Each structure stands twice: as structure tokens, then as C-alpha cells.
Chemist: 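This is the structure I have questions about; it appears just below.
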Amino acid sequence: MKKVQDFKVLEYSWLNDENYILKLIADDEIPEIKPGNFAEIKVPDSADIFLRRPISVLDVNYEKKTISFYIKAIGKGTRKLGQLNIGQTVNIVYPLGNQFVVQDEKKVLIVGGGSGIAPFVLLGRELQSKDVDVTFLMGGRTKNDIFLTDEFSKYGKVEVTTEDGSRGEKGMVTHHSLFKSEFDFDKVYTCGPDPMMKAVAKIAESKGILCEASLENMMACGIGACLCCVTPTHDGNKVVCTEGPVFNTKELAW
Amino acid sequence: MVDLRVQIGGGLELKNPVTTASGTFGFGQEFTDFIDLDELGGIFVKGLTLKLRQGNDYPRMAETASGMLNAVGLQNKGIDYFIETTYPDIKKYKTEIFPNINGSVVEDYIAVAEKVNEIEGINALELNISCPNVKEGGMAFGVSCPSAIAVTEAVRKAYDGVIIVKLSPNVTDITEIAKGVEGAGADAVSLVNTFLGMAIDYKTRKPVLSTITGGLSGPAIKPIALRMVWQVYNAVKIPVVGMGGIMNAEDAIEFMLAGSSAIQIGTANFIDPQISIKILKGIEDYCKDNNVSAVRDLIGALEV
Ligand SMILES: Cc1cc2nc3c(=O)[nH]c(=O)nc-3n(C[C@H](O)[C@H](O)[C@H](O)COP(=O)(O)OP(=O)(O)OC[C@H]3O[C@@H](n4cnc5c(N)ncnc54)[C@H](O)[C@@H]3O)c2cc1C
Ligand SMILES: Cc1cc2nc3c(=O)[nH]c(=O)nc-3n(C[C@H](O)[C@H](O)[C@H](O)COP(=O)(O)O)c2cc1C
Ligand code: FES
């Protein structure tokens with residue numbers, strides 16, 4: 001069940017000067033959150049920021065009633081969300097969107113880049129609970145773009161590529177050696193910049209395996225009411241905030 | 001107890017003046033986790049056309065100062081889908097459901113109106129002659145008096161229920177169009193639809209919207225919308241349903257004082273999915289605090 005709920009800022013963890021984790025705490029119960037779900041966050045005290053901002057749920061603790069978000073400050077809203085006072089009220093609408101499908105996979109590859117890594121903590125945990133063999137492949141321009149690898153290593157192997165070679169293998173994620181050696185994954189999950197997801201989807205397709213991608217899109221309502229956030233598919237325009245953000249890449253006409 | 005009932009033309013009474021605007025509230029189902037739809041005076045559902053429409057390409061929205069631009073372009077599954085699938089699911093709600101009908105040519109409007117005429121339980125439709133986001137038809141009907149009259153007359157012949165004509169603010173004199181459609185058989189007018197606007201990304205030197213121009217809504221348009229409601233209220237005898245940037249109960253009351261018999265809440269639903277019910281409670285509280293026994297006493301009660 002979707003909810004509008006007030007939280008309070010509990011703490012910040014800054015990963016570097018533009019990437020941070022915002023942890024919020026609530027008085028009320030937190031509804032069940034699935035890997036891939038996101039929240040529409042109202043940026044407090046910002047008359048110039050009219051619409052809510054869609055942000056994936058990074059982590060949740062139902063007993064402690066806390067929820068956290070991994071945010072990359074790229075504009076006025078994501079910057080402001082990094083400058084709140086501890087204890088300040090933040091209103092969110094959540095949990096929104098569909099989820100990554102976990103069925104009977106045995107061995108999966110998760111490819112992430114940029115702020116697209118956020119949904120993979122919950123996904124990694126779910127996969128681990130089902131004894132799935134997980135490999136995370138994280139890409140960035142330099143080592144300063146690679147985050148949360150300690151967290152991901154709790155749920156599986158972590159591989160890294162950087163364009164300048166400052167960490168892991170040099171190049172783009174799709175150049176990683178794991179694509180060259182024996183490829184025995186039965187599913188790929190991806191979230192990150194569009195060109196990365198497209199390249200990953202193409203490889204998955206060439207290997208004949210299923211690929212799910214979580215799309216980022218400009219949203220107004222986040223609940224399927226405005227139809228602003230569509231993506232073209234082979235079955236017409238689909239609404240990313242309700243029919244997505246996770247799509248089987250075969251459906252997408254991108 | 002405040003009497004919240006209002007008459008909105010053609011003998012149609014709403015249990016309260018708070019309704020939701022077309023295109024900002026889906027078909028109501030999107031909001032059932034947040035509010036009890038039965039409490040609303042009415043729901044103006046997403047714009048419907050004769051055939052399925054994919055709408056415009058992405059990007060379809062841009063945030064602006066105190067508002068947003070949209071270029072959705074009437075994406076919908078068509079009137080038949082509404083009749084066969086959507087309406088059966090939402091008719092259980094104890095609120096007035098208003099189909100918002102659209103077309104590129106008069107014949108389309110007539111065909112949709114004829115189909116709406118057959119739906120049991122629907123008492124009124126909103127005739128949208130003001131969508132700025134479609135290439136052909138849409139707003140073109142609403143910005144010239146003869147075409148606004150022609151489409152209203154045609155739908156009047158095809159439809160037996162209450163007709164609310166939704167006016168475009170993108171005109172020189174909105175009262176002329178209002179009077180025109182009143183003469184052509186409209187039972188009420190609703191206003192305003194979005195203002196034609198535009199957003200540019202100075203970094204890429206490209207338009208933000210796929211359609212270059214789009215419709216502006218939200219608090220940015222409120223003072224202009226309020227002025228137009230006041231002008232139209234003074235120009236016609238039929239009821240006026242007012243909207244444009246209503247964000248809270250104070251705004252809603254101002255629209256009623258300017259002459260709105262009922263109000264529609266649009267973009268505010270995106271900011272707070274519970275806002276419609278909060279506004280209803282706010283109006284009721286205002287009436288109690290000011291010894292207004294019937295909310296209809298607020299309609300056009302502006303003291304000038
Ligand atoms: C389902 C979903 C989940 C997301 N999860 C996360 C997350 O976990 N962490 C995170 O940091 N970000 C996430 N995002 C992206 C985030 O919503 C945007 O970065 C944010 O809305 C930008 O707001 P702003 O006010 O900072 O930027 P603005 O000042 O509004 O814009 C700055 C620039 O970014 C562009 N932009 C704005 N919003 C988006 C968008 N949604 N997609 C692409 N470009 C955009 C603008 O066109 C502009 O050029 C997610 C987006 C979606 C749709
Ligand atoms: C995303 C969006 C979609 C809309 N779609 C429709 C529509 O299908 N039919 C219609 O008559 N008006 C449509 N409108 C206009 C609204 O119903 C309303 O007239 C306008 O937004 C002004 O009110 P507001 O400022 O409260 O939003 C749409 C508005 C928005 C923001
Ligand atoms: S953001 Fe409104 S429908 Fe997706």
C-alpha cells in the first residue's frame with residue numbers, strides 16, 4: 001500500500017563532496033519495500049523546487065523505522081536534500097513502481113553505474129536470501145565514482161571497471177573480462193546511465209539471457225496520474241512510474 | 001453542519017464543490033491508497049478520444065517557477081476501453097465521474113459523445129476544446145468563437161446529459177468564447193485549461209519538451225485563471241467550474257468568491273495526493289468559522 005509519510009532526518013553519510021546517503025526515521029510503520037521501488041521526496045523549505053524528486057530506496061529497517069537513500073547531487077533538488085538539518089521533517093510518497101523480478105535464477109550479474117546502484121542493496125539481499133550466486137559489476141569514470149562496494153560484497157562478488165583504470169579493470173563495464181570468458185549467468189539486472197544499460201542489454205540479448213533494466217525518467221506525480229514519464233516499448237508508450245521503472249529490456253524500443 | 005452541495009448546471013448537483021482536474025488524477029484508481037474517492041464532489045477523468053492515442057514523445061514535462069509544463073498529448077486507450085474496462089471498475093465510487101472528451105474533427109467529438117450518452121451512471125461530460133498539446137483539433141476549437149460554437153452545438157445534439165465546456169485561456173477575450181458556447185447549449189463552462197508555454201535548456205540550446213511548446217499549470221497561473229473566472233462569471237448565466245493553480249483551501253475559496261460553483265484541483269495532486277480532501281476540509285472549516293451555512297453562498301460573493 002502506497003503512503004504519504006513524514007520522516008525526520010536521522011543522519012548523513014557523505015561518500016564524497018557530491019554523493020551521500022540520507023537516512024530518515026519515522027514514527028509510523030514503514031510499508032513493505034521491494035527491490036526496485038522508489039519514493040517521491042518533497043524537498044523541504046524550497047519554494048523554487050515545485051515537484052517531488054524520484055529517488056530509489058537504498059535500504060530500509062522496519063524495526064527501527066528507518067529508510068535510506070543514496071543520492072548524487074546533480075541539481076538543485078538533490079543538492080538541497082544534502083543540506084537539511086538533523087531532525088528536519090521530510091515528506092515522502094512511497095513505495096512506488098514495480099520491482100526487479102527474482103524467480104529461480106541460480107547465477108546473476110548486476111551491472112550498475114552512477115546513482116543507478118541504489119536499488120541493488122535490497123536486490124542483493126533478496127538474491128542472497130535465495131542462495132543465488134551474485135556478481136556485481138560497477139562502472140565509473142574514475143575510482144572516485146565507485147561507491148558502496150563494501151556493502152555489495154556482503155551479497156556477492158564485486159568487480160569494478162573505471163574508464164581511467166584507477167580502480168579495477170580499465171574501460172567501460174561492457175569491456176570487462178567477465179564478458180569475454182565463459183559467460184554462465186542466467187540473468188542480468190542493470191541500472192545506470194542509458195547508454196550503459198543499452199550496451200548491457202545488447203550483450204545479454206546476444207547471450208540469449210533475460211535482462212531487466214531500471215529506467216530513470218523525468219517524473220511529475222510518480223503514481224501514474226499524469227502520464228509524463230513514458231518510455232516507448234514495442235507495445236506502445238508505457239508509464240515508467242507504475243509499469244516500471246523496471247522493464248524487461250526486450251520490451252523496450254529505446 | 002455546513003451544507004456543501006452545489007449546482008453545476010443542467011440540474012446536476014454535486015455533494016460538494018471539490019473535484020479533480022482532467023489529466024491530473026488519472027481515473028481515480030491511482031489515488032485510492034491515499035484518499036477515499038467517495039468524499040470527492042467529482043472526478044474529471046483523463047482526456048478520452050475515439051481511438052487509442054499514444055500521446056507525444058518523451059520528454060513531456062518541465063518544472064518551472066511555481067508550476068510545470070506538460071506535453072502529454074492526450075495519451076489514452078480510447079473511449080471503448082474506458083467504457084468496457086475502466087468505468088466498470090470506478091463506477092462503484094460514490095462520486096460524480098465526468099468523462100473529458102476530445103477530438104481532432106467535430107465528427108470525433110460527436111462519436112465520443114454518442115458513446116458517453118450510452119453509459120449508465122454518467123450524468124455529465126466535459127467537452128475539452130482547449131488541449132494545447134495535440135497537433136490537430138484540440139485547442140484549435142477553443143480559440144475561435146465559430147469553431148467553439150460549432151463543436152458545442154454538434155455535441156449538444158449528440159448528448160442528452162450535462163455538457164461542461166472546458167475553455168482555453170489562450171485567447172484574446174475568454175468571455176466571447178464563454179458566451180458563444182453558452183448560446184450553443186453548454187450547461188456550464190470550466191476554466192482554465194493550461195497556458196501555452198515553453199522551456200529551453202540553455203546548456204544544450206534545445207527545447208526541453210519534445211513538442212517545443214506545452215501547457216503551463218500550477219500556482220504560476222493562478223492570478224490569471226482567477227481573473228478569467230471572474231470575467232466569465234460576470235459574462236454568462238450558466239455555472240462556472242474554476243481551476244488553475246489551486247494548491248490549498250484558501251485558493252479554492254478565492255475561486256468560489258470569483259464565481260466558481262465548483263473547483264477542480266489539478267497539478268496540486270502531484271505534490272500531495274491527499275490535497276483534494278484537505279482542501280474540502282479546509283473549505284468546510286472556513287464556512288464554520290465564518291458562519292457560512294451553505295457553501296453555495298460563497299459563489300461569486302466577491303465584494304467589490
Ligand atoms: C525511478 C527513479 C529512481 C531514481 N533513483 C535515484 C537515486 O537513487 N539516487 C539519485 O541520486 N538519483 C535518482 N534518480 C534521479 C533523480 O530523480 C534526479 O537526479 C533528480 O530528480 C534531479 O533533481 P534535481 O533537482 O537535483 O535536478 P534539477 O535541478 O531538476 O535538474 C538538473 C539536471 O538533471 C536533469 N534531470 C533531472 N531529473 C532527471 C531525471 N529524473 N532523469 C534524468 N535527468 C534528470 C535535468 O534535466 C537537468 O539537466 C532516480 C530517478 C528515477 C526516475
Ligand atoms: C499533466 C497534465 C495533463 C493534463 N491533461 C488534460 C486532459 O487530458 N484534458 C483536459 O481537459 N485538461 C488536461 N490538463 C489540464 C488540467 O485539467 C487543468 O486545466 C490545468 O492543469 C490547470 O489547473 P492546475 O493549475 O490546477 O493544474 C492537464 C494538465 C496536466 C498538468
Ligand atoms: S510521473 Fe506521473 S505518470 Fe509517471
Side-chain angles (χ1 to χ4, degrees), chain A residues 1-6 31-32 39-44 46-54 74-78 80 91-97 194 215-244 252-254, chain B residues 20-35 43 45-47 52-77 133 199 208-210 214 217-220 245 247 266-275 277-278:
Chain A
M1 177 120 163
K2 298 186 210 78
K3 218 168 153 179
V4 191
Q5 194 173 344
D6 277 342
E32 189 184 3
E40 278 270 39
I41 306 183
K42 180 86 187 95
V43 184
S46 308
D48 59 328
I49 302 171
F50 183 62
L51 298 168
R52 289 173 182 266
R53 295 294 189 262
I74 58 130
K76 54 182 195 284
T78 47
K80 176 75 191 181
N91 183 269
I92 75 173
V93 177
Y94 78 122
L96 306 176
D194 261 11
L215 306 188
E216 279 192 12
N217 213 328
M218 306 282 278
M219 294 183 178
C221 70
I223 57 174
C226 72
L227 306 184
C228 285
C229 66
V230 292
T231 196
T233 74
H234 299 303
D235 186 25
N237 282 330
K238 289 218 166 149
V239 182
V240 174
C241 69
T242 51
E243 297 176 275
L252 298 171
W254 53 352
Chain B
T20 53
S22 179
T24 67
F25 203 70
F27 293 92
Q29 300 137 313
E30 295 80 357
F31 289 78
T32 51
D33 279 359
F34 304 109
I35 59 171
I43 297 173
V45 303
K46 176 65 195 164
L52 175 148
R53 271 185 71 96
Q54 288 295 342
N56 294 321
D57 286 346
Y58 178 83
R60 291 180 172 185
M61 64 143 253
E63 188 180 46
T64 65
S66 295
M68 64 177 281
L69 287 160
N70 90 83
V72 172
L74 296 174
Q75 175 173 335
N76 79 100
K77 296 197 165 106
N133 291 324
V208 176
L209 301 174
S210 68
S217 64
M247 296 301 285
T267 306
N269 292 305
F270 307 158
I271 316 300
D272 179 357
Q274 296 170 327
I275 195 68
I277 299 305
K278 290 180 187 162

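Below, chain A is the first sequence line, B the second, and so on; all start at residue 1. Any value given below was found using the heavy atoms of this structure, including those in side chains, with hydrogens, waters and symmetry copies removed. If you're wondering where the values come from, they're calculated on a predicted model, not measured in any experiment.
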Chemist: Under a 4.0 Å threshold between the charged nitrogen and the carboxylate oxygen, would A/K2 count as salt-bridged to B/E30?
Modeler: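 The answer is no: the pair does not qualify as a salt bridge.
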Chemist: Chain B heavy atoms under 4.5 Å from A/V4: which part of the residue, side chain, backbone, both or neither?
Modeler: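 For A/V4, heavy atoms of backbone and side chain both lie under 4.5 Å from chain B.
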Chemist: Using non-hydrogen atoms and a 4.5 Å limit, figure out which bit of A/N91 sits close to chain B: side chain, backbone, both or neither.
Modeler: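 Answer is neither: A/N91 stays 4.5 Å or more from chain B.
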Chemist: Give me the atom names and distance for the closest heavy-atom approach of B/M68 to A/C228.
Modeler: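 Scanning both residues, the minimum pair turns out to be CE-SG, 4.0 Å.
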Chemist: One pair to check against side chain to side chain contact (heavy atoms under 4.5 Å, CB included): A/M219 and B/F270. What are the steps and the verdict?
Modeler: CA-CA 10 Å; A/M219 294 183 178; B/F270 307 158; over 6 Å; no
Chemist: When you measure from the side chain of B/Q54 to the backbone of A/G236, do you find a donor-acceptor pair of N or O atoms at a distance under 3.5 Å?
Modeler: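 No, B/Q54 side chain to A/G236 backbone: no donor-acceptor pair under 3.5 Å.
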Chemist: Answer yes or no: are there more than 12 heavy-atom neighbours, outside A/K3 itself, under 6.0 Å from its atom NZ?
Modeler: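 Above 12, so yes.
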Chemist: Do A/R52 and B/E63 meet the salt-bridge criterion of a basic N to acidic O distance under 4.0 Å?
Modeler: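 Salt bridge absent between B/E63 and A/R52.
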Chemist: Search all heavy atoms of A/I223 against all heavy atoms of B/P273 and return the closest pair with its distance.
Modeler: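 Heavy-atom minimum between the residues: CD1-CB, 4.3 Å.
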Chemist: Can you tell me which portion of A/K238 sits under 4.5 Å from chain B's heavy atoms? Options are side chain, backbone, both or neither.
Modeler: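 Interface part for A/K238: neither.
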Chemist: May I ask you to test the B/N70-A/C226 pair for a side-chain heavy-atom distance under 4.5 Å?
Modeler: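 No - every pair of side-chain heavy atoms lies 4.5 Å or more apart.
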Chemist: Is any side-chain heavy atom of B/F34 closer than 4.5 Å to one of A/V93?
Modeler: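 They are in contact (side-chain heavy atoms under 4.5 Å apart), so the answer is yes.
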Chemist: Please state whether the side chain, the backbone, both or neither of B/Q75 comes within less than 4.5 Å of a heavy atom of chain A.
Modeler: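 For B/Q75, heavy atoms of backbone and side chain both lie under 4.5 Å from chain A.
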Chemist: Judged by atom type as modelled, is there a donor-acceptor pair below 3.5 Å linking the side chain of B/R60 to the main-chain atoms of A/L227?
Modeler: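 Flag set: sc B/R60 to bb A/L227 pair under 3.5 Å.
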Chemist: Quick one: do B/T64 and A/F50 satisfy side chain to side chain contact (heavy atoms under 4.5 Å, CB included)? Show the steps, please.
Modeler: CA-CA 8 Å; B/T64 65; A/F50 183 62; over 6 Å; no
Chemist: Counting only heavy atoms closer than 4.5 Å, note whether B/F27 contacts chain A via side chain, backbone, both or neither.
Modeler: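 Contact with chain A involves no heavy atom of B/F27 at all.
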Chemist: List the steps, then state whether side chain to side chain contact (heavy atoms under 4.5 Å, CB included) holds for B/D272 with A/K42.
Modeler: CA-CA 9 Å; B/D272 179 357; A/K42 180 86 187 95; over 6 Å; no
